[in-house]
Amino acid sequence: MKRIAVVTSGGDVPGLNACIRAVTRTALHYGCEVLGVQRGYEGLIDGEFVELTSRGVAGILRKGGTILGTARSERFMTVEGREQALRQLRAAGVEALVVIGGNGSLAGAYKLYQMGFPLVGVPKTIDNDQYGTDVAIGVDTALNTIADAVGRIKDTATSHHRAFLIEVMGRECGYLALASGIICGAEMALIPERPATLEQVAQTIVESYRIGKAHCIIMVAEGWKPGRRVLMEYLCNEKLDHKFDVREVVLGHIQRGGTPSAFDRLLATRMGVRAVESLLDGSGIGKMVALRGAQTTLVDLAEATSRTKPLPEELLRTAEMLCR
Ligand code: F6P
């Protein structure tokens with residue numbers, strides 16, 4: 001193989017640059033040229049390639065975001081869009097592609113592979129819902145960011161004897177709310193996977209006050225229904241005997257930015273190296289690089305994109321026992 005390309009697609013996460021750097025330098029090490037695709041699948045369809053050199057990827061290991069830019073592409077979901085992308089790849093002399101993406105982007109990658117183009121996927125998402133891998137690039141940094149923010153909120157919550165609703169990302173998956181609930185010592189974690197009534201939340205706040213806690217921290221996943229806003233209204237408007245003042249914080253996109261943690265830098269680097277080596281020896285074509293236990297491995301894209309990863313039962317049980 002003489003020339004490969006790398007693309008980052010979907011929502012950004014910390015660690016993308018570390019992966020781009022590893023892909024570039026590994027490919028160059030094996031005598032293969034590397035093109036970066038700008039603006040995700042949008043740039044692939046429009047033929048926006050840039051040559052990546054060893055010096056060009058210097059100093060990006062600890063940078064958040066992606067030097068290539070990224071996008072959520074509606075066009076790539078169409079056959080016409082993917083056919084156009086194929087034409088661009090062939091015109092640029094690209095023989096294989098590394099797709100660094102989450103659920104949606106890897107499903108798109110699988111479709112491109114089915115149309116005959118050799119590629120390998122690398123999982124990234126802060127939501128940790130990518131099936132087939134224990135963890136994806138970005139999860140660890142996002143959790144560290146949340147832990148830092150919740151620590152700060154807890155300080156002020158305790159000083160004022162307040163309850164806080166803290167919303168974290170996860171449209172369809174409660175992993176970040178659940179895991180941060182556990183590592184931050186929250187009183188409750190509200191997640192899409194487990195229903196909880198407004199009354200139950202109020203009861204948790206009442207109980208925290210009754211047993212003498214100086215605060216009550218409730219982690220709320222973005223996708224929890226009926227949602228943080230409805231809950232806040234309920235807690236503020238009903239004549240509830242919870243005695244705590246309630247405040248809300250939405251952590252939002254700060255969870256997606258910042259310098260990647262040591263774990264994410266290493267994971268992104270290992271996955272980038274494995275992606276290129278497995279493209280070059282053929283073993284990774286049509287597959288996704290995964291971490292299982294302490295080892296990197298390869299999983300068929302067909303399997304990795306067939307469903308989303310459920311929450312680990314062990315964490316659910318742990319939160320049930322300890323988040324109260
Ligand atoms: O899928 C990753 C994610 O960060 C979700 O947790 C969140 O709901 C979504 O992306 C936000 O997307 P956007 O940045 O496009 O608003």
Side-chain angles (χ1 to χ4, degrees), residues 7-17 19 38-43 64-66 68-77 99-110 121-150 165-181 183-184 189-194 219-231 248-261 264 267-268 271 288 304-312 315:
V7 63
T8 50
S9 168
D12 62 348
V13 302
L16 291 177
N17 286 325
C19 193
Q38 293 172 313
R39 283 197 313 118
Y41 287 147
E42 284 291 293
T66 160
L68 294 174
T70 186
R72 297 191 193 277
S73 175
E74 294 284 325
R75 286 193 292 163
F76 199 76
M77 290 179 189
V99 177
I100 313 172
N103 282 314
S105 304
L106 293 179
Y110 182 48
V122 176
K124 64 87 218 169
T125 167
I126 63 166
D127 297 347
N128 204 15
D129 59 351
Q130 179 59 55
Y131 189 73
T133 184
D134 291 350
V135 69
I137 300 169
V139 176
D140 184 67
T141 309
L143 259 185
N144 277 294
T145 302
I146 295 169
D148 178 64
V150 174
L165 308 181
I166 306 176
E167 185 180 289
V168 293
M169 278 189 167
R171 256 190 306 231
E172 275 131 33
C173 175
Y175 181 84
L176 288 176
L178 183 68
S180 62
I183 64 169
C184 298
L190 299 171
I191 55 177
E193 294 85 346
R194 288 279 187 278
M219 302 305 302
V220 190
E222 204 183 357
W224 174 74
K225 298 279 180 296
R228 186 202 83 254
R229 277 205 195 95
V230 173
L231 173 60
E248 57 184 339
V249 176
V250 179
L251 294 185
H253 286 78
I254 66 161
Q255 296 160 91
R256 291 240 301 262
T259 187
S261 64
D264 271 329
L267 180 69
M271 286 185 161
M288 177 190 82
T305 58
S306 62
R307 68 202 93 161
T308 53
K309 186 169 67 177
L311 291 175
L315 284 194

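Being a predicted model, the structure only gives us computed values, none of them experimental. Reckoned from all heavy atoms, side chains included, excluding hydrogens, waters and symmetry mates. When a ligand or atom number is given, it counts from 1 through the structure's own listing order. Throughout, numbering of the chain's residues begins at 1 and tracks the sequence.
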Original post:
So which heavy atom in the protein is nearest atom 15 (O) of ligand 1, and how far is it from that ligand atom?
Top reply: Arg72 NE, 2.9 Å
Subject >> Within-cut-off N or O pair, Gly170 and ligand 1, under 3.5 Å >> reply: yes
Original post:
Within less than 4.0 angstrom of ligand 1, does Gln255 place any heavy atom?
Top reply: no
Subject >> Heavy-atom closest pair, residues Ala147 and Cys184 >> reply: CA-SG, 3.7 Å
Original post:
Would you say Pro14 and Thr259 make side-chain contact, with heavy atoms under 4.5 Å?
Top reply: no
Original post:
Has Gly102 got any heavy atom lying under 4.0 angstrom from an atom of ligand 1?
Top reply: no
Subject >> Protein heavy-atom partner closest to atom 2 (C) of ligand 1 - residue, atom, separation in Å >> reply: Asp127 OD2, 3.3 Å
Subject >> Atoms of ligand 1 close to His253 [distance to a heavy atom under 4.0 angstrom, numbered from 1] >> reply: 13 (P), 14 (O), 16 (O)
**OP:** If you have a sec, work out which protein heavy atom is nearest atom 11 (C) of ligand 1 and how many Å separate them, to one decimal?
**Re:** Arg256 NH1, 3.5 Å
Subject >> Basic-acidic side-chain contact under 4.0 Å: Asp129, Lys309 >> reply: no
**OP:** Can you pull out the closest protein heavy atom to atom 8 (O) of ligand 1? Residue, atom name and distance to 0.1 Å, please.
**Re:** Glu222 OE1, 2.7 Å
Original post:
Do you know which of Val139, Asp140, Val135 makes side chain to side chain contact (heavy atoms under 4.5 Å, CB included) with Leu267?
Top reply: Val135
Original post:
Only one of Leu311, Asn128, Asn103 forms a side chain to side chain contact (heavy atoms under 4.5 Å, CB included) with Cys173, so which one is it?
Top reply: Leu311
**OP:** Answer yes when Glu222 and Arg171 have at least one side-chain N-carboxylate O distance shorter than 4.0 Å, and no when they do not.
**Re:** no
